[in-house]
Amino acid sequence: MSGYNIRARLGGASIPVSPMTSQQIVNLLKLVGTPRDGALLRFSLGSEYLKCAELEPAIEHLNAAVEKDPGYSAAWKLLGNALAGNGRADEALAAYRKGAEIARGKGDLQAAKEMTVFARRLEKAIASGKASPARS
């Protein structure tokens, strides 16, 4: 099967999947719009798209993850990474700050520390005019 001939189901509509898309994404997309469609599924999709450097769909699914569960600090972190990698530094900074706040509130100090570090790096990059992707 060639990459462009693969079709994944998404909410009843077929969408083309690029050759860089993993089989894991194709399998996960089949669950979108089903009773299993939740924050974990969307986080997993966002993570897989991020691994494939497909930033727009990663951002879309990670946004859906934090909408479905605003307390999902790991999703906030990956959302910040995807946004930063896509040149959307201000949105990435907001995601890192929100994620760090949520992680602190849940007692997840390591995640809070990581997102705080990413936010500081991004603030420095913005201030110097060199907003670059923050990677974990």
Side-chain heavy atoms of [X] within contact of [Y], under 4.5 Å:
{"X": "M115", "Y": "D108", "answer": "no"}
{"X": "I59", "Y": "R88", "answer": "yes"}
{"X": "V26", "Y": "Q23", "answer": "yes"}
{"X": "V32", "Y": "L45", "answer": "yes"}
{"X": "Y96", "Y": "N81", "answer": "yes"}

Please assess L83 against L62 for the test side-chain contact (heavy atoms from CB on, under 4.5 Å), listing each intermediate value before the final yes or no. CA-CA 10 Å; L83 290 164; L62 292 166; over 6 Å; no

State whether the side chain of K98 and the backbone N or O of W76 hold a donor-acceptor pair below 3.5 Å, judged by distance alone.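 Answer holds: no.
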
Closest non-hydrogen atom pair between [X] and [Y], with its separation:
{"X": "R42", "Y": "A64", "result": "NH1-CB, 3.4 Å"}
{"X": "A75", "Y": "A65", "result": "CB-CB, 4.0 Å"}
{"X": "A89", "Y": "L122", "result": "O-CD2, 3.4 Å"}
{"X": "C52", "Y": "S22", "result": "SG-N, 3.9 Å"}
{"X": "P70", "Y": "I102", "result": "O-CD1, 2.7 Å"}

Would you call K51-E48 a salt bridge at under 4.0 Å N-O?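 Yes, K51 and E48 are salt-bridged.
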
Working to the nearest 0.5 Å, report the span between [atom1] of [X] and [atom2] of [Y].
{"X": "L29", "Y": "Q24", "atom1": "CG", "atom2": "CD", "answer": "10.0 Å"}
{"X": "L40", "Y": "K68", "atom1": "CG", "atom2": "NZ", "answer": "12.0 Å"}
{"X": "T116", "Y": "E101", "atom1": "OG1", "atom2": "CD", "answer": "10.5 Å"}
{"X": "S73", "Y": "E114", "atom1": "OG", "atom2": "CD", "answer": "9.5 Å"}
{"X": "L78", "Y": "Y72", "atom1": "CG", "atom2": "OH", "answer": "8.5 Å"}

Test side-chain hydrogen bond (donor to acceptor under 3.5 Å, both in side chains) on E67 and N63 and set out the steps. CA-CA 6 Å; E67 285 173 17; N63 268 322; 5.9 Å; no

Heavy atoms of other groups near K113 NZ, more than 12 under 6.0 Å: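 12 or below, so no.
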
